Amino acid sequence: MQTILVRLFNIPCGMGPLVTWINTVKDPILITSGENMAEETGALPSRTDFSAWYNEVIRRADIMDVRYPVKGLYVWYPFGFALRNHTYTFLRSLLNRDHEETLFPLLIPETEFMKEAEHIKGFEDEVYWVTHGGLSELDVKLALRPTSETAIYPMYALWVRSHADLPLKLYQVVNTFRYETKHTRPLIRLREITSFMESHTVHTDWDDANRQVEYELGLAAEFYRELGVPIIISRRPDWDKFPGADFTMAIDTVMPDGRTLQIGTVHHLGDHFSKTYNITYEDINGEQKLASQTCFGISERCIAAVISVHGDDKGLVLPATVAPTQVVIIPIIVGKRGAEITAAVETLEAELKAAGLRVKTDARDMRPGAKYYHWELHGVPLRVELGPRDLDNRQIVCVNRLGVKTTIPRENAAESVKKLLGEAHDQILDKAEDHLKNHLKMVTTVDECNKMLEDNIVVVHWCGDKECADKLEELTNSSLLGTGVRSKYVVDDEGPCIVCGKAGKTALVGRSY
Ligand code: ZN
């Protein structure tokens with residue numbers, strides 16, 4: 001609780017460095033109608049039908065419009081984009097601790113793109129190509145980046161000269177294009193990924209790059225903790241690693257239906273790309289050496305995770321860390337005291353804003369119930385009600401998005417509201433952790449595995465042979481997600497392989513989005 005208060009509001013609790021990112025974002029709630037663009041008709045589908053619920057909540061809560069006339073390309077509504085911007089402002093603040101931000105071109109010449117053999121093989125069937133400039137055919141086709149290794153590394157070869165230039169740690173937040181042939185879905189599987197944070201680092205040797213892999217996994221863990229999204233980290237099997245990497249560490253979360261969503265990856269690239277692109281440096285003894293590299297990516301799937309993991313039958317449930325509006329004030333106007341209440345609400349709003357909170361007053365001429373419905377749908381963490389009785393009693397009534405009601409004194413309201421927001425964050429994180437814990441099942445037979453995969457992630461022992469993994473995947477229609485599992489709910493130990501019975505290690509199996 002204290003930690004989240006420090007991060008949210010810069011309240012000193014004597015714990016660690018203060019993060020003030022939240023006050024650096026321009027207040028986006030001044031957008032006049034950004035959270036009221038899609039039609040709201042009838043009740044949402046129940047979240048037990050997750051797919052139907054997800055599609056409807058994305059539309060009705062003004063996250064994305066799916067009506068753009070190109071398959072797999074979606075349009076951010078302003079409210080969704082404000083949520084996206086708060087999330088990425090926070091992600092940038094984490095990366096800026098040891099990286100610098102940059103921006104590379106969208107187009108990659110075919111000659112560079114085709115240099116790294118494994119990398120091409122991994123992406124060849126999903127690249128969009130630009131073949132013409134106006135009416136003329138281009139001499140060298142240009143790829144729309146599906147990811148930027150082949151755009152960035154030829155430049156790194158020019159920039160890295162000596163050991164003094166290393167480590168080099170840059171990142172960018174860009175759109176990337178992938179010609180997805182699977183069923184597309186907003187924020188989850190897109191042909192234009194609109195918000196791909198990709199970090200690319202260069203190091204003197206493999207061990208230093210490996211330390212960076214661990215550091216970036218730590219950043220990802222911190223990022224998702226602040227979003228209240230529980231994660232499991234594992235090492236992807238070799239056949240599923242990033243094309244051209246030594247190994248891939250993946251970050252997964254569990255969705256309401258028990259399927260997994262990969263929401264981040266960190267790759268140790270070893271010297272595969274530095275060999276291809278000639279990224280070398282002069283070491284301290286004057287010798288030329290090949291550099292080691294890492295890359296790390298997080299896409300707008302992080303927003304899909306926030307929406308899916310926390311949402312309920314009423315709509316979004318947003319963590320205060322990234323909610324475009326953290327507090328909505330609803331004036332309860334009854335009898336003849338309208339002017340008095342309006343004035344009291346204005347003072348309260350100014351006070352909360354001055355304390356760094358993102359606040360909106362809903363003074364529309366509507367029934368309070370309809371307003372509650374609207375703001376619950378949009379996931380606002382805290383609703384504040386102020387009516388005649390509250391004025392007389394010098395109090396305000398606060399209801400958090402999970403329905404917990406608290407009456408607080410009007411005096412020092414901002415401090416109390418911040419405390420309630422911190423508590424609300426803890427409540428949604430606890431709820432999400434419980435969900436993850438309850439959807440992780442340890443099994444020892446393929447039959448059990450099949451049964452449990454209906455709505456869970458499954459923990460098994462596996463000998464490491466691809467044949468056993470292939471057989472298990474085929475029999476259970478799932479994927480072997482990884483080994484070296486890092487989760488407080490999973491013991492990483494040894495046991496007989498679920499398929500062949502030989503000595504095996506803990507592995508994670510799931511059905512993925
Ligand atoms: Zn086996």
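This is a predicted model, so every value here is computed, not measured. When a ligand or atom number is given, it counts from 1 through the structure's own listing order.
Annotation: Leu158, atom CG; neighbour count of heavy atoms from other residues, nucleotides and ligands within 6.0 Å is above 12.
Arg191 forms no cation-pi arrangement with Phe177, by the criterion of a distance under 6.0 Å to the ring centre and an angle within 45° of the ring axis. By the 6.0 Å and 45° rule, Arg84 stacks over the aromatic ring of Tyr88.
Asp470 meets the side chain to side chain donor-acceptor pair (under 3.5 Å) test with Lys466; sequence neighbours excluded.
Listed by chain and number, the protein N, O or S atoms at a distance under 2.8 Å from the Zn ion (ligand 1) are Cys463 SG, Cys468 SG, Cys497 SG, Cys500 SG.
Closest of all the heavy-atom pairs between Gln212 and Lys169 is OE1-NZ, 3.1 Å.
With respect to Arg161 and Asp165, no salt bridge is recorded, no charged nitrogen being found less than 4.0 Å from a carboxylate O.
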